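Only this structure's heavy atoms are used, side chains among them; waters, hydrogens and symmetry mates stay out. Treat the numbers as computed from the prediction; the structure is a model and nothing was measured. Along the sequence shown, the residues carry numbers beginning at 1. Note that ligands are numbered from 1 as they come in the structure, with each ligand's atoms numbered from 1 the same way.
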Amino acid sequence: ASLPFVFVLVEPSHPGNIGSAARALKTMGFARLRVVAPALLGALAHPDAVAFASGAVDVLEHGQVFDSLEAALADVSLAVGLSARTREFAPPLVDAAQACALARDEVAGRAGARVAFVFGTERIGLTIEQAQRCHRLAQIDAEPAYSSLNLAQAVQIVAYELRRALGRIGTTALDAEHPDYASHADIEQFFAHFREACIAVEFIDPEHPKKLFERMRRLFARTRL
Ligand code: SAH
């Protein structure tokens, strides 16, 4: 049941956090860790990663490394970005429990569905471009004056919420009819085509696109293509 859920760490700096994230996943019954361009080569096998993973070294060993967030999300149908902060043009905001309920409903009764939870770097979190690759932005409720959790602790809370959400799969979720949503790669091709078309008909000046493409990304992320 854990297979359609992947946890993506974008450019983590500390191998210890990768190991801790692996442990967080395994304790909650998940196993799929993806790492995008870690700061250190071989980060998944780094002694700190192995030490912090403790009994979850198998999750590290099966971890996948990607060059780009793009590539890490290519086979994903629903991407949820985790962020302590919100920004203009960011995808719609949900809390952690809502995000996990969405994730559960996404995969219920749909063999090809895959959900990614995307976590930002320790230092700056998700960039606006990375957030815009996600369909929803999820916030873990925290104290406004200091709401930035440690990366692996944020992973732990999401994995825990997801475990709770999956424990509550009811007949409604299982019976729900789902359309086939477009994959991330399909949607990126759509945006590229849309951009070309806007330039070809001189709707926009490629030198000064203003905020059109950000707005379109936001619009289409809301509708679920
Ligand atoms: N300094 C960064 C936070 C980095 S914490 C910032 O201010 O944005 C590392 C990652 O953990 C974040 O990118 C996010 O994915 C996750 N995270 C930490 N606290 C969170 C919170 N309150 N809600 C959602 N995600 C959080």
Side-chain angles (χ1 to χ4, degrees), residues 5-28 30 32-40 43-44 46 48-49 52-53 56 59-60 63-66 68-73 76 78-104 106 114-165 184 214 217-218 221:
F5 303 105
V6 300
F7 289 72
V8 182
L9 309 183
V10 180
E11 297 170 27
S13 318
H14 300 296
N17 274 334
I18 303 175
S20 294
R23 183 177 187 170
L25 294 191
K26 188 165 178 179
T27 56
M28 295 296 122
F30 304 103
R32 294 198 160 183
L33 186 62
R34 294 183 174 183
V35 179
V36 177
L40 297 178
L44 291 171
H46 189 282
D48 287 351
F52 280 88
V59 175
L60 285 182
Q64 296 171 290
V65 178
F66 295 85
S68 65
L69 179 58
E70 210 59 52
L73 295 181
V76 160
L78 176 70
V80 177
L82 273 291
S83 177
R85 294 174 292 150
T86 63
R87 297 179 183 81
E88 209 191 352
F89 302 120
L93 197 65
V94 293
D95 67 26
Q98 289 168 330
C100 293
L102 276 175
R104 173 198 62 204
E106 173 76 8
R114 187 167 290 150
V115 178
F117 292 94
V118 183
F119 297 81
T121 62
E122 292 92 334
R123 226 162 46 77
I124 54 170
L126 292 175
T127 65
I128 184 68
E129 289 78 15
Q130 290 161 352
Q132 284 173 351
R133 294 293 178 279
C134 301
H135 302 96
R136 293 290 183 278
L137 214 56
Q139 234 173 355
I140 297 166
D141 181 47
E143 192 62 20
Y146 188 49
S147 62
S148 174
L149 281 72
N150 162 268
L151 171 60
Q153 291 175 351
V155 172
Q156 183 76 71
I157 286 176
V158 173
Y160 171 77
E161 285 287 358
L162 186 58
R163 183 178 178 83
R164 284 169 57 95
H184 192 81
E214 285 82 352
R217 269 191 185 280
R218 189 179 152 89

With heavy atoms of [X] as the reference, note each atom of ligand 1 found under 4.0 Å away.
X: Arg85; result: 6 (C), 7 (O), 8 (O)
X: Ala138; result: 24 (C)
X: Gln139; result: 23 (N), 24 (C)
X: Arg123; result: 1 (N), 2 (C)
X: Phe119; result: 15 (O)

Proximity of [X] to ligand 1 by residue part, where a heavy atom lies under 4.0 Å:
X: Asp141; value: neither
X: Asn150; value: neither
X: Glu122; value: backbone

Of all heavy-atom pairs between Leu44 and Leu60, which one has the smallest distance, and what is that distance? O-CD1, 3.5 Å

Where Ala221 and Cys134 come nearest, the two heavy atoms and their spacing: CB-O, 4.2 Å

Among protein heavy atoms, which lies nearest atom 19 (N) of ligand 1, and at what distance? Leu149 N, 2.9 Å

Which residue is it: Val35, Leu69, Thr127? I am looking for the one with a side-chain contact (heavy atoms from CB on, under 4.5 Å) to Val10. Leu69

Side-chain H-bond candidate by donor/acceptor type, Glu122 with Ser13, under 3.5 Å: yes

